[in-house]
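I have placed the structure first, in the form of structure tokens, so that the comments after it can refer back to it.
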Amino acid sequence: MAKTIDLDAIVRSKMGSKARYVPQFLINWLKRAIHQDWINSFILQEGDKAGVPWLKDCLEYINVKVEVQGLDNLPAADAAPCTFVSNHPLGGPDGVALGAVLGPVYEGRIRYLVNDLLMYLEGLAPLCIPINKTGRQSRSFPAMVKAGFESQDHMLMFPAGLCSRLIDGKVQDLPWTKTFIQKSVEYHRDVVPIHFGGENSPRFYRIARWCKRLGLRFNLAMLLLPDELYRAQGKTFRVVIGKPIPWQTFTSDRTPTEWAQYVRELVYK
């Protein structure tokens, strides 16, 4: 039987002995805020299904449609493994949708670098390399990333690390990190840029802005992402796939960080 989401157990796992200081009314509020029952209904519906079929069913469950432009830019199904990079406007539906688009093309050979909280979704977990965003990173993480890039799987990354914020009056990513440049060059992977159109609710950006102003170390806005997923029901999003960038492009003329911003700019163009 599929393992459902149990917020009480997640809090105990993340906080250890400190979990006893978290009042139950707060846990109950969080269960409603993340729509735990709604998510668990889908998990129970899927049973043991996992991977790309799970992603496609998830899109259908939340009634999200995707209009894709540039499919002819995708490398062939038998091409060498690539690194797909995208902006991250939504923090949920965008990851599901891109996996559902790319997965069938490459017979499920895709892997995500994701927040480790998503590992609690067993149907998604086989496609994931988890990043600990709320505590100490596992010592095995570098080896997991190395194994991912050495494999025949295509890597799907959101180089901003967090979903987009309201910056200078526009919804856009934070500066992209350089990892995808370094690893793509090291393992001779072409980079395929993708733009995903969409944005979260104004409330999400207000709370994210206040978290930054108050200097909160905990990413409170992250707790709102399941609710943003819930609010995305019935929407249609536009995806544009750009032409692959040969890994040889990323020369020493610029630093990896500068190349990362170069690709980010291409995505927004």
**Request:** Show your working on side chain to side chain contact (heavy atoms under 4.5 Å, CB included) between Val114 and Leu124 and close with a plain yes or no.
**Result:** CA-CA 10 Å; Val114 302; Leu124 181 62; 5.7 Å; no

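- More than 12 heavy-atom neighbours from other residues, nucleotides or ligands sit within 6.0 angstrom of CD on Gln233.
- For Arg238 and Gln69, the side-chain atoms include at least one donor-acceptor pair closer than 3.5 Å.
- Taking the six-membered ring where tryptophan is involved, the planes of Tyr187 and Phe149 are essentially parallel, since the angle between them stays under 30° and well short of 60°.
- You'll find the side chain of Gln152 reaches within 4.5 Å of the side chain of Pro81, heavy atoms only.
- No more than 12 heavy atoms of other residues, nucleotides or ligands shown are found within 6.0 angstrom of NZ on Lys56.
- The closest donor-acceptor contact from the side chain of Arg109 to the backbone of Ala77 lies under 3.5 Å.
- Within a 6.0 Å radius of CH2 in Trp38, more than 12 heavy atoms belonging to other residues, nucleotides or ligands are found.
- Tyr106 is not listed as a side-chain neighbour of Asp153, based on a closest heavy-atom distance of 4.5 Å or more.
- In this structure a side-chain-to-backbone donor-acceptor pair under 3.5 Å is missing from Ser86 to Phe158.
- Checked against a 6.0 Å centroid threshold, the rings of Trp176 and Tyr262 do not count as neighbours.
- Side-chain contact check for Val101 versus Val239: every heavy-atom pair is 4.5 Å or farther apart.
- A donor-acceptor contact shorter than 3.5 Å links the side chain of Arg189 to the backbone of Cys82.
- Separating the CD atom in Gln172 from the CG atom in Leu166 is a distance of 8.5 Å, to the nearest 0.5 Å.
- With contacts defined as side-chain heavy-atom distances shorter than 4.5 Å, the pair Cys128/Met119 qualifies.
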**Request:** Using the side chain to side chain contact (heavy atoms under 4.5 Å, CB included) rule, take Met155 and Ile129 through it: C-alpha gap first, then chi angles, then the decisive distance, then the call.
**Result:** CA-CA 10 Å; Met155 300 296 289; Ile129 297 174; 3.7 Å; yes

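- Scanning both residues, Ala79 and Pro75, for their nearest heavy atoms gives CB-CB, 3.8 Å.
- Taking CD of Glu122 as the reference point, atom CD1 of Ile43 lies at 8.0 Å (rounded to 0.5 Å).
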**Prompt:** Going through the checks in order, is the side chain to side chain contact (heavy atoms under 4.5 Å, CB included) test met by Tyr61 and Glu46?
**Reply:** CA-CA 10 Å; Tyr61 184 74; Glu46 290 300 281; over 6 Å; no

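- With Tyr112 contributing its side chain and Gly95 its backbone, the two residues share a donor-acceptor pair below 3.5 Å.
- Cluster membership check: Leu156 does not share its hydrophobic cluster with Val240, using side-chain heavy-atom separations under 4.5 Å among Ile, Leu, Val, Met, Phe, Trp and Tyr.
- Taking CD1 of Ile194 as the start and CG of Leu102 as the end, the distance is 5.0 Å to the nearest 0.5 Å.
- The shortest side-chain heavy-atom distance between Met144 and Pro130 falls under the 4.5 Å cut-off.
- Nearest approach of Gly103 to Val52, heavy atoms of both residues: CA-CG2, 3.6 Å.
- Under the 4.5 Å side-chain heavy-atom criterion for grouping Ile, Leu, Val, Met, Phe, Trp and Tyr, Phe196 is not connected to Tyr268 through any hydrophobic cluster.
- Using modelled atom types, one side-chain atom of Arg165 and one backbone atom of Cys163 make a donor-acceptor pair closer than 3.5 Å.
- A donor-acceptor contact shorter than 3.5 Å is absent between the side chain of Trp259 and the backbone of Gln182.
- We find that Arg231 and Asp227 are joined by a salt bridge, their nearest charged nitrogen and carboxylate oxygen being less than 4.0 Å apart.
- When side chains are defined from C-beta on, Phe250 counts as touching Val191, because their heavy atoms get closer than 4.5 Å.
- Environment of CD in Gln24: crowded, with over 12 heavy atoms of neighbouring residues, nucleotides or ligands closer than 6.0 Å.
- Note on Leu30 and Tyr21: separate hydrophobic clusters, where clusters join Ile, Leu, Val, Met, Phe, Trp and Tyr whose side-chain heavy atoms are under 4.5 Å apart, directly or indirectly.
- Under the 30°/60° scheme for interplanar angles, the aromatic rings of Tyr230 and His35 are found to lie parallel.
- Considering only heavy atoms from C-beta on, Ile34 stays 4.5 Å or farther from Leu223 through its side chain.
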**Request:** Verify side chain to side chain contact (heavy atoms under 4.5 Å, CB included) between Asp190 and Thr249, making sure each step is shown before the conclusion.
**Result:** CA-CA 9 Å; Asp190 293 347; Thr249 302; over 6 Å; no

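- Looking only at distances, a side-chain donor or acceptor of Glu228 sits under 3.5 Å from a matching main-chain atom of Ser201.
- Between Leu121 and Ile5, the closest side-chain pair of non-hydrogen atoms falls below 4.5 Å.
- A pairwise comparison of heavy atoms in Gly197 and Phe237 identifies O-CD2, 3.3 Å as the closest pair.
- In this structure, Asp57 contributes its side chain and Trp54 its backbone to no donor-acceptor pair below 3.5 Å.
- In this structure, OG1 on Thr177 lies 9.0 Å from CG on Leu113, to the nearest 0.5 angstrom.
- Listed here is the closest heavy atom pair of Leu90 and Gly198: CD2-C, 3.9 Å.
- Residues Ile27 and Trp29 share a single hydrophobic cluster, defined by chaining ILVMFWY side chains whose heavy atoms lie under 4.5 Å apart.
- Closest heavy-atom contact between Pro226 and Ile39: CB-CD1, 4.4 Å.
- With respect to Lys31, the side chain to side chain donor-acceptor pair (under 3.5 Å) criterion is satisfied by exactly one of Asp37, Asp6, Asp8: Asp8.
- In this structure, a donor-acceptor pair under 3.5 Å is absent between the side chains of His88 and Asp173.
- For the atom pair CD1 of Ile181 and CD of Glu258, the computed distance is 11.0 Å after rounding to the nearest 0.5 Å.
- We find the CZ-CZ distance between Phe204 and Arg209 to be 12.0 Å, quoted to the nearest 0.5 Å.
- Summarising the geometry of Ile241 relative to Asn73, their closest heavy-atom pair is O-ND2, 2.9 Å, with the distance given to 0.1 Å.
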